[in-house]
Amino acid sequence: MDILSLLPPWLLTHGVALLVVLPLLAGAAMAVIPRERIAWTITFMVMLICMLCALTLALQVIDQGRLSYKMGGWEPPYGIEYVVDALSAPVLLLISAMAVICLFYASPSVKAEVEPKKRAAFYGAFLICAAGLLGMVVTGDAFNVFVFLEVSSISTYVLVAMGHSRDRRALRAAYDYLILGSIGATFFVIGIGFLYMETGTLNMADMSNILDGLDGGSRVAQVGFAFIVIGLGLKLAMFPLHMWLPGAYAHAPSFVTIFLASTATKAALYLLLRFAFTIFDLSFDYVVTILSQFVLVLAVVGMVFASIQAIFQTDVRRVLAFSSIAQVGYILLGLSFLTLSGLTASYVHLINHAFIKGGLFLAVGAMWYRFGITRVADFRGLSKTMPWTMSAFTISGLSLIGVPLTAGFVSKLQLATAAWERGYGWAVGVILFSSILALVYIGRILRVAYFETPPQINGVEVLKNEAPLIMLIPMWILAILSIVIGINAGWVVDAAGRAAELLIPTQMIGRGL
Amino acid sequence: MSGHIILDLGLISMLLVIAFAIIRMRSLFAVVMLQGVYSLVCAAWFVSLDAVDVAFTEAAVGAGVSTVLMLAAMLLADRQSDEVSLRRQIAPIIIVIASGLMLFYAIGDMPIYGDANSPANSHVGAGYLDKTAKDIHIPNVVTAVLASYRGFDTFGETVVIFAAGLGVLLLLGLNGNAGKWQACPNGVSIGLGQSPYAQLGEDQPKVSPKAEVATNLPKEKKTIAKKTSQSKGRPRKAVPKGDVS
Amino acid sequence: MNEHGILRVVSKLLIPFIAIFAFYVQFHGDYGPGGGFQAGVILAASVILYALIFGLEAAKSAVPPSWVRFGMAMGVFLYGGTGVATWLLGGEFLNYSVFTPDHPSHGQHYGILLVELGVLLAVASVMLAIFYAFGSRPVNHPGED
Amino acid sequence: MIELLLNLNPGLIIILAGMICAVLPASQIRKLLVIAAPIAGIVSISTLYTDQEVIGGIIEVGRQSFTTLRIDSLSLIWGYIFCVVGVLNGIFGLHEKCQITDSSALIYMGSAIGGVFAGDLLTLFLFWEIAAVSSVPLIWKGGERAYAAGVRYLAIHIFSGVALLAGAIIYGRANGGDFTFGHIGLNAPGGWLILLAMGIKCGFPLLHNWMQDAYPKASITGTVILSAFTTKLAIYALARGFAGEDILIYIGAAMTVFPVFFAVIENDMRRVLSYSLNNQLGYMVCGIGVGTSLAMNGVAGQVAVHIIFKSLLFMSMGAVLYRVGTIKGSELGGLFRSMPLTTVFCLVGAASIAAFPLFAAFVTKAMIISAVIKEHHYVISFILLFASAGVMEHSGIKIPYFTFFSHDSGRRVEEAPWNMLVAMGLASALCLFFAFPFGGYQFLYSLMPYAADYDPYTADHVIFQLQLLFAAIVAFALLKRLRIYPAERRAEIIDFDWTYRKLGLSVVKWLGAMWMRLNAVSANMRDRFAGSLGRKLQQVFSPAGTFSAGSPVNLPYVLTAAMLFICLIGVYIGAS
């Protein structure tokens, strides 16, 4: 790659660590920075640098394959290893790019939603959250995953609770999230502990080798696997473990909801892929059983159930939150096929859904910013009062439904094809049915926005009041991205294909079918 | 060896008794104190398991500071907890038993405690013992692992603690004056109270969201919850105004 | 508070020793159990004890909340800064050996000392911050949130 | 350029335009697109068409290949006419500035065209569903009352799509993975399912309710657009898949007759037109059932002219609704004074549907009826003739009479907006052109799937048709004079042919009553079922429902524990 030769060599070697350390340090700095403007600028710059870092890493991975970085200079099984490969590079890029996009939007949004003197610290919590997510994805050490899971979780609880100046229910939502999230993290760390007991190492690659040598390991490893699946299941909102999600998404500040919806569950999903397919792998029968049956059933039930639940919500953010749970179901469905095409579809949807849901929440946030509304019934006439915002919402909404020429269609088509190839004709039906449900819940919002007249205040119809440009830009970036992927999905599918090949090595293809 | 086992069993049974007492006790003050006791007994048990560093931390944090912090938090709340029906305690018991069963399932294949040939002690663990003496020259291997070999983990943990502090800063403020500021949209509010739907009393959720939460509470509480939540669920006066900043 | 004469005298005597013990734990961490985390907690406990006996305001004037806030950040900075320093010296993040290339183990000693100090600072400040935050809340009537 | 076009279904061009419309706040450009897109469609079809079957746009998805483009003599006429009526609709809707209806109209039109050119059943299914979904906003635009109708419409059409998909999969599997959409026939595996899907869409008796439910409630332009595509796409699919199935003859005959009764009693003029639409579809279904080349030609021609004159009628009623604000027969009347041009256009449409010589349906309907007679289905041909008289009765006379003449309602309104007049004028011109004895109908016949050597303007045909029509007119006048005609009040009397009055009246009465009762019972049951289902769903899923409760309830924890437990059992089973 030509670009790589232009960059300083230092960045190429240390970029992996910089990606995590920089936002962490900047986050710490926010505690003492008094001015909101400076805080925003630093946050923005830091995340921009992170995004560039992630981009160079992604290019390097394409160029050289797996990158490894030895924290503290210690050799891997002893020290902590950071790894970037085809599986993690796109997620890193996704997280950092979404952070940058959200930050555009943050400067007006945070002003409306967060107390003035807390804004700097709020950005600090955001930086730590982003760093935690990046750390979870980039690390090659099982315990380090837990550490960064905690880093991101703790700051996420705080960020969600910051919605209390909008709605006191945010505190309750954050508390729910805290309790369930802590159970998840505890289960996860119990699982890691068991794995350590079984293998005597914390390094993922080392662990994988040792487990292979033990042929899946004893009951200790099996129970560890169950704990890890459930712990991560809580974090990624796998269907019946999703209870924390709607409240958290509905009551957090808009900016936080956007970022969380597009990245947090994705990072946890990445971890599930990482643990289930590379540390454990499909040569162990119990892994195959859990993934191809347990996860499959939950995915299918979740897709339908959460979609139906979304239809009955009165608050738009809750509608979208339940839809997120359903979308997690799609991703898990692809994963549970245990085929290359299934995993590719899953990974494509992981990326696409981040863009789609990010775009939707961005638009909803802008609507709150202007009119203080989040309920479906209050969306009346928004196509006239906020035409550009509503158009962006519509594009992302159509993409969520899976209308052709949008990103959502690409991933659903991939998924349906994968299901077909796997011989799950019924799964195609479920995907279709769930899409119809998506059509109903999105259509319900669109109908109110397009077919009803704007409300009147004191007898005067509400006038056009478009969101500020700086909010429109990010949502249109995502909306256009959605269409671009819909028209030319090659690059996303390629990236996903590379990730899937990493997850199911050639000799493993066909295992568990 | 057998003395050790008796000591361990004694400590475990103490922990169990204290844990049950904490669950059943309704005086919060006593609960806080018992938690301190629990931590202390825990620390003693850790010492008996030769995990001195962990024991030290448990004693300092669990028995020391967190007791004080719990007391400070308790001052802001009632001294008595509400009575918790047994029905509500069933779920935690189920979760504990299920997790416990899973652990028991694994026990059969676990290495014997202190087994020098167990993977945890033979692979990387043994390596640390060798390497610390060679690379770092300090006697306390735990410190070497924490601060150097896995120093980045500790960095992460420091950030976790920092994040907790930042959270306190954000939510409570160091001077106890946070939480009064109210968010408001930058424009005309047409939401909730001002929407014609709300004026007609239509389209309101039949049960307000906060009261849904209370569905499992006893009957008389439900009505109270409904009332308060409705008064709180109302929007604040939305005053059209310019840029908030 | 004036009536608790014995408590006041005893604690005045004890608090300096507690603080010193904290530093002992900190610096003896290389040789025995202990380290930044425990030391930070103990250091915070000494201030908290002071606050419990002499009142929150007195404690706040002795250790102002702004210091606490600063200390939190400084703790992370000290830890992270050590790592950044190793970067600047050409090593990996937190590779202390680059401090003294001739004697890697000396570098490790310095590094461990520095990061443990960072942990101490962060832990002590955060503990105090939490205490201040809870202690300063006006006591509400029960039932209000 | 041709290369690119060869791989592009003309419907996709229009769908793309529709998508652009969805996000384009500037209404002028949108309107331009709305008219330009169908014209582009015409151009693209005419470039693509050759004498042979054109196959292109093959997309490979996994192991499945989708043939998105197939133009042959059968689909050609549908494609053209859809584009033409698209232009007309675009002009008619120029005054309306709604982003979403513009875009959904285009997407809907595009998917109908796409469906016509679809080469395999799966592609057809895709377009079939897109058409269903994209047409719903047109109904919703009709206001509060239309919402529920839209949902019902959507549900029925989605069901139709699912039936089609299921049938297609069964059919394709039985054919070894070949999904090509050719003649299917009822004996093929999955044939009945596919027929059911198409039957729903083209309003087979008892499956037709959605049409009279949704169309009259849709927005003014919405009804015009809706009337053109959905059912004709289904007719195309039937013609392609089930030509020559005898059962269709009887279904078609039933379809032509039963709506007549309702059309006569109905007060809402747009609903009258919906019934008459259903009746017209009956001719086409009947013709498909006969399946000879003459019949198929008749069907194709009938589709073409029917789309035009039905749009014309709906347009004129739309214009009235737009200006007057109501479309109830009892509240209208005497509008010819204030809306003279609309009146003229409406009369042209009425004459066309009634198959007056020199008006559109004359040259096509006769083909179907002669084809039926040629195959010796005399009873059927009699039924069709009777229904023709009925058409004359309700669409040819009733609509213009009660709207524009009758007693004067005293309403003085403006003439319809210019764009509506232009659209109606063009449609009227087409109606006249297609029946024009010198070069007009010949042109229409040249587009038909088979070579047509049929001459509609023979003396006996003209005279017979005129006799039939005048009989109907006399009947109407007589009934009117005798004050039996159930006009402005909702009476139950219906009549069709004065010679058969005594016998017919009682039979018709009985049939109508039974039909009404059946409808009422089924609607009641449907509503009760939907209501209780809805309540149940609400209880479980709504924000106040069982599954939305927050943390103090035990559910999340119990579920977590349960999942852990199940997971462990899974591990145990997997490992052992």
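Side-chain atoms are counted along with the backbone in the values below, which use heavy atoms only and exclude waters and symmetry mates. In what follows, chains carry the letters A, B, and so on, assigned in the order in which the sequence lines appear, proteins first and then strands, with residues in each chain numbered from 1.
- Contacts of Y196(A) with chain B are made by both backbone and side-chain atoms, with heavy-atom separations under 4.5 Å.
- Two residues are said to be in side-chain contact when any heavy atoms from C-beta on lie closer than 4.5 Å; S118(B) and M197(A) fail this criterion.
- Within the 4.5 angstrom heavy-atom criterion, no atom of I230(A) approaches chain B.
- Judged by a 6.0 Å distance limit and a 45° cone about the ring axis, R317(A) is not positioned over the six-membered ring of W368(A).
- Smallest separation of non-hydrogen atoms from E113(A) and P253(A): OE1-CA, 3.2 Å.
- Comparing V114(A), T199(A), I128(A) by how many heavy-atom pairs each has under 4.5 Å with chain B, the most go to V114(A).
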Working for salt bridge (charged side-chain N to carboxylate O under 4.0 Å, His left out), residues D153(B) and R150(B): CA-CA 5 Å; D153(B) 269 350; R150(B) 304 189 63 85; 2.8 Å; yes

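- Residues of residues 124-136 of chain B placed with any heavy atom under 4.5 Å of a heavy atom in chain A are listed by number as V124(B), G125(B), G127(B), Y128(B), K131(B), D135(B), I136(B).
- For chain B, the nearby part of L202(A) is the side chain; its heavy atoms alone come within less than 4.5 Å.
- For S148(B), the parts lying under 4.5 angstrom from a heavy atom of chain A are both the backbone and the side chain.
- Proximity of S165(A) to E115(A): side-chain heavy atoms (C-beta onward) are nowhere separated by under 4.5 Å.
- A heavy-atom distance below 4.5 Å is not found between the side chains of T385(A) and N465(A).
- Minimum heavy-atom separation, V158(A) to G167(B): CG2-CA, 3.4 Å.
- Side-chain atoms of M74(B) and V31(B), non-hydrogen and from C-beta on, never get closer than 4.5 Å to each other.
- Chosen from I107(B), V160(B), N121(B), the residue pairing most often with chain A at heavy-atom distances under 4.5 Å is V160(B).
- The shortest side-chain heavy-atom distance between L49(B) and V54(B) does not fall under the 4.5 Å cut-off.
- Interatomic distance, L180(A) CG to L234(A) CG, rounded to the nearest 0.5 Å: 6.0 Å.
- Listed in order of number, the residues of residues 25-32 of chain A that approach chain B to under 4.5 Å between heavy atoms are L25(A), G27(A), A28(A), A31(A).
- Side-chain contact between F371(A) and D378(A) is absent, with no heavy atoms from C-beta onward closer than 4.5 Å.
- Summarising the geometry of A106(B) relative to F194(A), their closest heavy-atom pair is CB-CE2, 3.6 Å, with the distance given to 0.1 Å.
- Ring to ring, F143(A) and F146(A) are close: their centroids are under 6.0 angstrom apart.
- Proximity to chain B (any heavy atom under 4.5 Å) is restricted, for F227(A), to the side chain, taken from C-beta onward.
- Y149(B) touches chain A through backbone and side chain together, each having a heavy atom under 4.5 Å away.
- Residues F162(B) and F155(B) keep their aromatic ring centres 6.0 Å or farther apart.
- Contacts of T201(A) with chain B are made by both backbone and side-chain atoms, with heavy-atom separations under 4.5 Å.
- Within the 4.5 angstrom heavy-atom criterion, only side-chain atoms of Q222(A), from C-beta onward, approach chain B.
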Would you sort out whether F152(B) and F148(A) count as a ring pair (Phe, Tyr, Trp, His ring centres under 6.0 Å), showing the intermediate values? CA-CA 10 Å; F152(B) 199 68; F148(A) 278 97; 5.6 Å; yes

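- In this structure, the side chains of Y369(A) and S254(A) stay at 4.5 Å or more apart for every pair of heavy atoms.
- Heavy-atom distances place both the backbone and the side chain of I80(A) under 4.5 Å from chain B.
- With chain B as the partner, the residue from V220(A), T139(A), N144(A) showing the most heavy-atom pairs under 4.5 Å is N144(A).
- Heavy atoms of F187(A) lying under 4.5 Å from chain B belong exclusively to its side chain.
- Considering only heavy atoms from C-beta on, E36(A) comes within 4.5 Å of K111(A) through its side chain.
- With chain B as the partner, the residue from M367(A), M162(A), E150(A) showing the most heavy-atom pairs under 4.5 Å is M162(A).
- Using a 4.5 Å cut-off between heavy atoms, W74(A) touches chain B through its side chain atoms alone.
- At a 4.5 Å heavy-atom cutoff, N203(A) makes no contact with chain B through either its backbone or its side chain.
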